[in-house]
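A quick write-up on the structure given underneath.
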Amino acid sequence: MPKRVDHEERRRLIAEALWRIASSRGLEGASLRDVAAEAGISLGQLQHYFSGKDEMLAFALEHISALAEARIRDRLLALSDASAAPSSPSSPPSPRTVLRECAAGMLPLDDEARTGLLVGIAYFVRALSDERMRRHAQEGQPKLRAFLADQFREAAARGETVAGLDPELEAMLLIALTDGLTSSALLEVITPEEALGFVERHLERLFVR
């Protein structure tokens with residue numbers, strides 16, 4: 001019996017090969033042949049899964065985003081379990097904790113996150129001149145902004161924020177803050193830990209408890 005190939009798993013392996021290249025020598029110089037060699041497959045096999053570099057980059061970005069979301073969920077779950085009493089079920093994390101962890105997940109705090117952000121930057125640069133890729137890239141931010149706004153809205157309803165807070169505005173400002181801090185951290189103007197510290201300081205000014 002011929003070995004059955006898990007196509008989604010093969011696509012993930014190709015994406016991971018692309019990340020390894022990105023972390024060592026950047027993306028722009030990485031050809032399809034380079035990625036195929038890194039993944040241990042032939043160029044023809046790679047082209048069976050991805051018709052070109054842009055398609056491969058888009059899949060890699062989506063997979064990286066999914067992994068980042070999973071890391072944030074796992075961290076929030078761990079924090080909930082740690083704060084619960086031994087005989088009590090875990091309680092959902094506070095909106096402030098969720099906002100802090102979401103912002104942390106958008107910063108280059110470890111090698112995996114850093115590589116993911118570099119892939120995202122490469123995708124962003126291509127999207128500026130490619131209408132199809134730009135439409136695809138535009139889909140993510142409104143969903144993130146809506147989620148963050150919901151957290152601010154819940155916190156305000158619970159009396160945990162300063163008076164007069166605008167959830168939609170603060171959601172966009174938090175995204176802009178993490179974007180700017182990410183750029184500075186990737187350029188090594190500040191450390192990733194300093195970037196997270198700035199996020200925490202920002203949230204301190206918005207929350208009363």
Side-chain angles (χ1 to χ4, degrees), residues 1-81 93 98 101-148 150 175 178-179 182-183 185-186 192:
M1 292 285 294
K3 183 178 179 180
R4 186 177 183 131
V5 176
D6 184 331
H7 293 286
E8 280 306 302
E9 177 63 21
R10 179 62 62 82
R11 284 163 68 88
R12 287 192 291 270
L13 290 174
I14 293 170
E16 289 165 6
L18 177 63
W19 305 341
R20 290 194 294 273
I21 291 175
S23 65
S24 61
R25 61 180 189 269
L27 280 169
E28 290 307 311
S31 66
L32 292 178
R33 191 177 300 278
D34 292 331
V35 178
E38 180 67 27
I41 60 177
S42 69
L43 178 60
Q45 287 175 307
L46 185 147
Q47 290 173 325
H48 175 73
Y49 296 100
F50 299 105
S51 60
K53 189 172 180 179
D54 287 346
E55 183 183 347
M56 180 176 61
L57 185 58
F59 177 81
L61 183 64
E62 289 175 358
H63 188 41
I64 286 172
S65 297
L67 289 176
E69 290 173 9
R71 287 199 304 272
I72 292 171
R73 285 195 301 270
D74 290 345
R75 184 168 174 82
L76 288 171
L77 181 60
L79 289 172
S80 297
D81 292 342
V98 173
E101 294 305 317
C102 286
M106 293 185 279
L107 295 173
L109 298 180
D110 55 40
D111 289 341
E112 185 176 20
R114 185 178 189 279
T115 300
L117 288 164
L118 290 173
V119 174
I121 290 170
Y123 188 86
F124 171 80
V125 171
R126 287 171 176 268
L128 291 176
S129 58
D130 186 310
E131 179 64 28
R132 181 183 62 83
M133 294 184 72
R134 182 161 62 251
R135 288 197 302 270
H136 183 272
Q138 288 171 340
E139 294 174 359
Q141 192 178 99
K143 295 177 183 177
L144 174 61
R145 183 178 180 180
F147 176 78
L148 297 178
D150 283 344
I175 292 172
T178 54
D179 280 350
T182 291
S183 297
L186 289 174

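Considering all non-hydrogen atoms of both residues, Pro108 and Ala185 come closest at CG-CB, 3.7 Å. Between Tyr49 and Ile14, the shortest heavy-atom contact is CD1-CD1, 4.0 Å. Here the shortest heavy-atom pairing between Leu109 and Pro192 reads CD2-O, 3.4 Å. Smallest separation of non-hydrogen atoms from Ile72 and Cys102: CD1-CA, 3.9 Å. Pairing each heavy atom of Leu43 with each of Arg33, the nearest pair is CD2-NH2, 3.4 Å. In plain terms, the two heavy atoms of Leu67 and Trp19 that are nearest each other are CD1-CH2, 3.5 Å.
Atoms CD and CD, on Gln47 and Gln45 in that order, are 11.0 Å from each other to the nearest 0.5 Å. Atom CD of Glu112 is separated from atom CG of Leu117 by 11.0 Å, given to the nearest 0.5 angstrom. In this structure, NE2 in His63 is found 11.5 Å from CG in Leu18, a value given to the nearest 0.5 Å. Rounding to the nearest 0.5 angstrom, the gap separating the CD1 atom in Ile41 from the CG atom in Leu13 is 8.5 Å. One finds the CG atom of Leu46 at 10.5 Å from the CG atom of Asp34 (value rounded to the nearest 0.5 Å). Atoms CE and CG, on Met106 and Leu148 in that order, are 5.5 Å from each other to the nearest 0.5 Å.
Counting heavy atoms from C-beta outward, Leu32 and Phe50 have side chains that stay 4.5 Å or more apart.
Using a 4.0 Å cut-off between charged side-chain N and carboxylate O, Arg135 and Glu139 make no salt bridge.
Relative to the six-membered ring of Phe59, Arg11 meets both conditions, a distance below 6.0 Å and an angle of at most 45° to the axis.
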